[in-house]
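The first residue of the sequence shown is numbered 1, and numbering continues consecutively from there.
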Amino acid sequence: MAGPGLLCCASRGASALLAIALLYAALGDVVRSEQQIPLSVVKLWASAFGGEIKSIAAKYSGSQLLQKKYKEYEKDVAIEEIDGLQLVKKLAKNMEEMFHKKSEAVRRLVEAAEEAHLKHEFDADLQYEYFNAVLINERDKDGNFLELGKEFILAPNDHFNNLPVNISLSDVQVPTNMYNKDPAIVNGVYWSESLNKVFVDNFDRDPSLIWQYFGSAKGFFRQYPGIKWEPDENGVIAFDCRNRKWYIQAATSPKDVVILVDVSGSMKGLRLTIAKQTVSSILDTLGDDDFFNIITYNEELHYVEPCLNGTLVQADRTNKEHFREHLDKLFAKGIGMLDIALNEAFNILSDFNHTGQGSICSQAIMLITDGAVDTYDTIFAKYNWPERKVRIFTYLIGREAAFADNLKWMACANKGFFTQISTLADVQENVMEYLHVLSRPKVIDQEHDVVWTEAYIDSTLADDQGLVLMTTVAMPVFSKQNETRSKGILLGVVGTDVPVKELLKTIPKYKAFSLGIHGYAFAITNNGYILTHPELRPLYEEGKKRRKPNYSSVDLSEVEWEDRDDVLRNAMVNRKTGKFSMEVKKTVDKGKRVLVMTNDYYYTDIKGTPFSLGVALSRGHGKYFFRGNVTIEEGLHDLEHPDVSLADEWSYCNTDLHPEHRHLSQLEAIKLYLKGKEPLLQCDKELIQEVLFDAVVSAPIEAYWTSLALNKSENSDKGVEVAFLGTRTGLSRINLFVGAEQLTNQDFLKAGDKENIFNADHFPLWYRRAAEQIPGSFVYSIPFSTGTVNKSNVVTASTSIQLLDERKSPVVAAVDSTVNCYLIDNNGFILVSEDYTQTGDFFGEVEGAVMHKLLTMGSFKRITLYDYQAMCRANKESSDGAHGLLDNLFLVEFNLCSWWHSDMTAKAQKLKQTLEPCDTEYPAFVSERTIKETTGNIACEDCSNVL
């Protein structure tokens with residue numbers, strides 16, 4: 001059923017209808033150990049206690065008043081069922097339009113760059129003072145600006161996270177290993193200066209654009225808006241745009257590559273070191289759409305990874321890092337038999353191509369050697385001529401040129417490229433040459449393909465919420481000069497970054513009547529990697545905001561892990577449109593709690609991109625939405641109440657389009673929009689209408705809470721501190737029953753309390769948990785501290801208000817004798833204990849035997865969860881990879897190990913450890929909605945417990 005609003009109140013020492021009250025005694029040798037309290041008495045206590053806490057919660061939340069008000073408006077409400085397929089198609093269309101807008105900005109840059117180069121005539125003696133991004137505003141000891149370091153005006157800009165930028169001009173970064181005034185660079189910088197006008201025009205057309213840039217094939221990088229680049233502590237800027245994924249993907253087509261490395265005796269010493277670095281640099285140029293393998297040869301063939309004989313693997317980060325580790329184990333000896341290696345490489349490429357896997361587009365053999373005694377034309381005639389489908393790239397290692405002619409012939413006869421690498425400093429620049437060759441077919445055919453990268457982190461735009469996740473749209477720039485057109489000259493690549501949060505603005509998560517409380521939208525790439533998903537966690541170690549090693553290649557199957565057969569993933573990768581359903585276990589509250597529900601998934605492709613979009617809707621209330629109807633005057637009046645706030649991360653109005661609106665909160669923007677004072681504001685009329693409805697219906701709660709607060713001194717309920725309300729539209733009301741300085745938890749409901757406020761990713765925790773309970777019942781919990789110890793002792797109670805559902809819930813309780821008392825919530829965490837230090841602990845860690853009894857009698861159910869994005873601590877001293885999780889690893893993000901193995905965890909923590917990615921399995925617990933009663937003895941060390 002539709003769920004228009006939820007109410008919550010927080011108080012110290014309270015509990016919930018769905019919590020389990022436990023009173024239990026540890027009995028030793030004392031005489032009273034044989035005294036037992038009748039079960040009927042314990043049931044009476046539970047009933048009285050449950051009734052009292054329900055009465056307090058209902059009174060201070062005002063839930064009955066709000067339920068009544070919604071019932072009064074029921075006749076004005078239209079309830080509709082969500083059409084999932086139509087919804088996902090609509091959202092995909094919105095995304096497509098946004099992507100197209102970004103692509104058009106890039107296309108205008110391509111046209112301007114190619115036109116500027118066409119009109120430019122190369123001048124080897126050209127002298128041109130450009131703005132060098134490293135040298136701008138730098139002065140010498142006499143106070144004069146350095147050469148290429150003229151004055152460049154920079155001003156903080158809120159659209160760029162208050163970084164000092166110049167929104168009128170771009171500037172140019174040149175890699176440290178390149179000469180700033182090289183004629184090729186100076187000429188390229190000169191003609192590309194014409195892009196400034198287009199950069200500014202694009203930004204005027206679409207103020208949501210951020211970085212725009214041109215990466216030159218010569219190595220320089222023109223960036224708008226202009227910004228100051230700072231070298232590292234060694235005075236080096238290692239950034240080379242030609243190594244970036246957006247550049248490589250735009251410049252070349254997907255490719256299958258076999259890398260052959262000579263490890264004969266003549267390759268000993270520095271040559272082998274250079275060869276390893278060459279292989280590593282080639283791997284840097286391969287992306288997720290490419291496939292590869294590495295074979296070494298002397299008298300015999302040796303696959304660098306023996307488990308992958310005769311095939312190719314995807315060039316994702318994990319595979320490339322795995323092969324790099326094996327490169328360190330290479331050593332040189334024997335005689336090089338290149339003919340055997342070439343035969344093997346051609347056979348692999350042919351067989352792999354016939355499987356229908358791989359890239360299909362281009363195939364290449366990279367030969368890294370210090371010489372070849374033959375041209376091996378018989379092998380090429382057998383496998384590669386006359387079509388020459390496989391290009392041969394030869395890298396001569398060392399200063400000697402005795403065998404250079406043979407290697408040049410091999411490359412030229414097979415549409416490849418030859419280069420000689422004499423030192424480690426030569427490696428990167430020489431490796432990059434092959435990209436220009438592979439780009440020639442695209443250049444000659446003028447294929448301006450638009451490419452999109454997977455999600456990655458841009459640390460330059462880190463905001464108060466952490467590092468920013470991006471995707472890049474890029475296009476190649478070709479020479480159109482007649483004398484070079486037939487040769488296929490790549491000038492470079494233009495691109496612009498698109499924050500993932502911009503994509504989310506096209507997905508109305510904030511329209512709860514579209515996606516529901518637990519609903520969400522997500523997008524993946526053609527490789528199945530997540531572009532955006534609420535369960536994607538690219539960072540770890542809260543506060544430090546460190547990137548996980550494989551954060552950009554998290555597969556959909558790793559977050560939607562219940563789909564064991566990858567039905568959903570494969571359908572989306574294959575760009576199909578359809579529906580899929582499954583039971584899911586969604587964790588909340590830092591993974592300590594779990595919600596079990598059935599999700600319906602709807603998916604389709606996003607035209608003009610390599611992405612597919614999915615929408616998940618939970619069964620039940622998640623399949624319905626309702627529309628209310630009130631006048632603007634009524635709603636605007638109630639929005640003016642001081643206790644009203646809106647979710648600032650939701651986009652009721654687009655405040656980014658015009659600079660004069662960027663300082664507005666969403667609530668301020670809505671008021672101006674409704675009053676007609678800002679005609680340029682673009683707002684969501686449908687969503688705002690629902691906000692007005694919720695504001696009107698919930699308005700009486702303010703007077704109700706005020707009355708309670710005024711009379712509170714006469715009441716005995718001194719533990720209640722704050723009451724708060726949230727609705728499906730992100731509208732919140734809050735009332736304090738104590739002074740702000742007296743609040744036990746000063747962070748609760750503040751901007752930094754991400755779990756308990758409406759944000760771009762999800763509804764508040766208390767909202768989501770209440771929505772899954774029986775209407776009319778309260779669910780209580782203690783917020784988990786981010787620190788090692790939770791001492792807040794504040795209990796949060798929440799209940800849902802739903803239309804057309806009159807069900808009530810009984811008190812659920814289990815109790816026993818009189819010495820100690822525990823009150824635990826529906827996930828097994830302690831709400832109340834005589835020992836305050838146990839508050840918030842998992843009950844099984846305190847009383848494992850009793851928790852085990854509750855599991856066996858069916859009061860709780862154990863649920864197994866998996867996390868494929870976890871970071872674990874590994875013991876450095878341990879070399880045995882077969883140890884179990886609790887022997888040498890413990891979970892960092894979900895430090896909830898099985899209660900019975902706490903000794904192993906403690907032992908692991910004492911050892912020297914490092915963080916590394918890991919796959920983890922861990923338990924969660926959920927109470928069953930039935931009344932359970934039992935008595936009995938539970939054995940423990942030197943004692944006997946009576947339950």
Side-chain angles (χ1 to χ4, degrees), residues 15-22 24 518 535 559-564 582-599 618 765 768-769 772-774 779-782 784 812-816 822-831 833 838 840-870 872 884-887 889-905 918-934 936 938-940 945 947:
S15 182
L17 298 184
L18 294 183
I20 295 181
L22 284 168
Y24 134 89
H518 302 294
E535 295 299 321
V559 294
E560 301 288 353
W561 52 264
E562 294 91 346
D563 179 17
R564 299 294 187 184
M582 66 178 175
E583 183 181 88
V584 297
K585 304 171 183 68
K586 293 299 180 185
T587 59
V588 295
D589 209 2
K590 302 178 178 66
K592 293 178 180 289
R593 306 184 188 280
V594 62
L595 301 175
V596 181
M597 62 192 75
T598 299
N599 276 356
S618 59
L765 173 63
R768 286 176 284 160
R769 294 191 67 209
E772 294 308 304
Q773 303 303 321
I774 297 173
V779 59
Y780 283 60
S781 61
I782 290 182
F784 288 103
V812 179
V815 297
D816 66 339
Y822 297 96
L823 185 69
I824 64 177
D825 67 15
N826 64 326
N827 293 116
F829 293 97
I830 297 174
L831 296 174
S833 170
Q838 296 172 342
D841 290 347
F842 181 62
F843 185 67
E845 294 177 326
V846 178
E847 299 292 351
V850 179
M851 188 68 197
H852 181 74
K853 179 69 173 180
L854 293 173
L855 282 168
T856 57
M857 65 184 280
S859 292
F860 276 88
K861 178 172 66 174
R862 177 179 175 133
I863 295 174
T864 299
L865 300 173
Y866 300 90
D867 181 19
Y868 298 101
Q869 300 178 72
C872 297
L885 173 66
L886 289 171
D887 283 308
L889 298 172
F890 72 90
L891 196 55
V892 173
E893 290 176 277
F894 301 127
N895 195 11
L896 177 64
C897 295
S898 180
W899 339 301
W900 296 285
H901 297 290
S902 57
D903 57 329
M904 294 185 182
T905 302
C918 60
D919 297 340
T920 59
E921 174 183 316
Y922 65 101
F925 302 87
V926 179
S927 66
E928 300 286 30
R929 292 178 176 173
T930 55
I931 297 176
K932 300 288 183 179
E933 301 172 359
T934 190
I938 298 176
C940 59
N945 295 338
L947 173 67

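Lys861 is linked by a side-chain contact (heavy atoms from CB on, under 4.5 Å) to Ile863, Glu928, counting only residues two or more places apart in sequence or in another chain. For Glu535, there are no salt bridge (Lys or Arg N to Asp or Glu O under 4.0 Å) partners at least two apart in sequence or on another chain.
A distance-only check finds no donor-acceptor pair linking the side chain of Trp561 to the backbone of Tyr868 [under 3.5 Å].
With Arg593 as reference, Asp825 is the one residue of Asp825, Asn826, Thr587 to meet the side-chain hydrogen bond (donor to acceptor under 3.5 Å, both in side chains) rule. When each of Phe860, Phe925, Tyr922 is tested with Phe842 by the rule ring-ring contact (aromatic ring centres under 6.0 Å, His included), just one qualifies, namely Phe925.
Within the model, atoms CE of Met582 and CZ of Arg564 stand 10.0 Å from one another, a figure rounded to the nearest 0.5 Å. For the atom pair CZ of Arg768 and CE of Met597, the computed distance is 9.0 Å after rounding to the nearest 0.5 Å. How far CD1 of Ile830 is from CD of Glu845: 9.0 Å, rounded to the nearest 0.5 Å. In this structure, the separation between CZ on Arg769 and CG on Asn827 is 5.0 Å, given to the nearest 0.5 Å. Atom CD of residue Glu562 and atom NZ of residue Lys586 lie 6.0 Å apart, to the nearest 0.5 angstrom. Here CG of Leu865 is found 9.0 Å from CD of Glu921. Values are rounded to the nearest 0.5 Å.
Under 4.0 Å is where a charged nitrogen must lie from a carboxylate oxygen, and between Lys585 and Glu560 no such pair does.
When every heavy atom of His518 is checked against every heavy atom of Ser618, the shortest pair comes out as CB-OG, 3.9 Å. Nearest approach of Val850 to Phe843, heavy atoms of both residues: CG1-CE2, 3.7 Å.
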